[in-house]
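Below you'll find the structure, written out as structure tokens, and then a few comments.
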Amino acid sequence: MNTINLNGATESHPEGTTVAHLVAAVTGRELLPTGQAADGGRLGVAVARNQEIVPRSQWAATAVEHQDALEIVAAVQGG
Amino acid sequence: MTETKTLTRNDALVIDGVALNSRLIMGTGGAPSLSGLGAALIASGTELTTVAMRRYSVDEAAGGGTNLFKLLLENNIRVLPNTAGCFTAREALMTAELAREALETDWVKLEVVADEHTLLPDALELAEATEQLVNRGFKVFAYTNDDPVLALRLEQLGVVAVMPLGAPIGTGLGILNPHNIELIVSRASVPVVLDAGIGTASDAALAMELGCDAVLLATAVTRAQNPLLMAEAFKHAVIGGRLASQGGRIPKRAHALASSAMAGRPDL
């Protein structure tokens, strides 16, 4: 198991968990291998891993590692 | 009447080659519910609206997952992500990159403030962030002080719009230094958007009369007692101010000037 920090919370995930798995779990939407939403709508989220952007095309290929810090962000009211 | 309508209809605001038919840019902060916000945005007639980037949350007050983004898409309102909450160029860059990835737009409202108390832009970090964002291909809408020198510097760095504040964020104090705003407008060759400090419709009309190309406001609508009415008031205020700016106001005089001729006055 890998212990990671996801949006400020500590979580454990099995080896081989990818960014795509986490995005799908958090948003409750199924993803295509391209990182687009399978429902055809725009997903509207982005991911930073250890302060680096992970482009959506790389989500499925990016396995999370022990002690990674991940941020999954979306648009909220503001400004 | 026909002429007025024609003028309003043909007077699009063009930013980065995109024509917007409304010169009112809305923010979304401060609305108690997403449905109320949607109604106010529609009433305002806006075609461009800011959002902030935060951790994904299903909490409706925070955007309800991606419901806010969906709301804007469904209403054909272009999204303008901001970098609110950033105090350094580094944070602003990261936020802009996340926004570009999440919302698929290279437009960004660059906000780099000095501290939470004043929320005033930090000129040095702002200039630094602008340069780097422009280099990375972003279309920067720079939220700036009402400083004509800085506004021109930002333009030289390649912003697509300069957005001087009327007054500090959330104060509703209106336009504290109209002379500076006029000076910024007179020297700018990119659109000038009056951003922050707007309290009521007349503030927005004044901004347009001073020659601003558009007005950006949020809390003046979202925290008004009746956001729907206020949204509509701002829609008309911006149109009225724009028309007045183009119509050309009369010069101010120290003494009265009769509008009725004295000649031909009957002997009474």
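Given the structure is predicted, the values throughout are model-derived calculations rather than measurements. Quick note: numbers below take in every heavy atom, side chains included, and nothing from hydrogens, waters or symmetry partners. Chain letters run A, B, ... following the sequence lines, proteins first, then strands; residues in each count from 1.
- For chain A, no part of B:Ala84 is nearby; none of its heavy atoms comes within less than 4.5 Å.
- Heavy atoms of A:Val23 lying under 4.5 Å from chain B are absent altogether.
- Contacts of B:Leu217 with chain A are absent, with no heavy-atom separation under 4.5 Å from either backbone or side chain.
- The choice from B:Ala52, B:Gly30, B:Gly27, B:Gly29 that makes the most heavy-atom pairs within less than 4.5 Å of chain A is B:Ala52.
- Note on A:Gln51, A:Glu52, A:Arg42: by heavy-atom pairs under 4.5 Å with chain B, the leading option is A:Arg42.
- Here the side chain of B:Glu101 pairs no donor or acceptor atom with the backbone of A:Val47 at under 3.5 angstrom.
- Looking at A:Ile72, both its backbone and its side chain come within 4.5 Å of chain B, counting heavy atoms on both sides.
- Counting all heavy atoms, side chain and backbone alike, B:Ala102 lies closest to A:Arg56 at O-NH2, 3.7 Å.
- When all heavy atoms of B:Gly65 and A:Ala74 are compared, the closest pair comes out as O-CB, 3.8 Å.
- Smallest separation of non-hydrogen atoms from A:Val76 and B:Leu68: C-CD2, 3.2 Å.
- Within the 3.5 Å criterion, the main-chain N or O of A:Gly79 finds a donor-acceptor partner in the side chain of B:Thr50.
- Within 6.0 Å of the CD atom in B:Glu131, the count of heavy atoms belonging to other residues, nucleotides or ligands does not exceed 12.
- With a 4.5 angstrom heavy-atom cutoff, B:Leu72 does not touch chain A via any of its atoms.
- The line from CG of A:Leu6 to OH of B:Tyr56 is 12.0 Å long, rounded to the nearest 0.5 Å.
- Remark: A:Gln77 CD to B:Thr49 OG1 distance equals 11.5 Å, nearest 0.5 Å.
- With contacts defined as side-chain heavy-atom distances shorter than 4.5 Å, the pair B:Thr66/A:Val45 qualifies.
- Residues that satisfy the salt bridge (charged side-chain N to carboxylate O under 4.0 Å, His left out) test with A:Glu71, not counting sequence neighbours, are B:Arg55.
- Heavy-atom distances place no part of B:Ile169 under 4.5 Å from chain A, backbone and side chain included.
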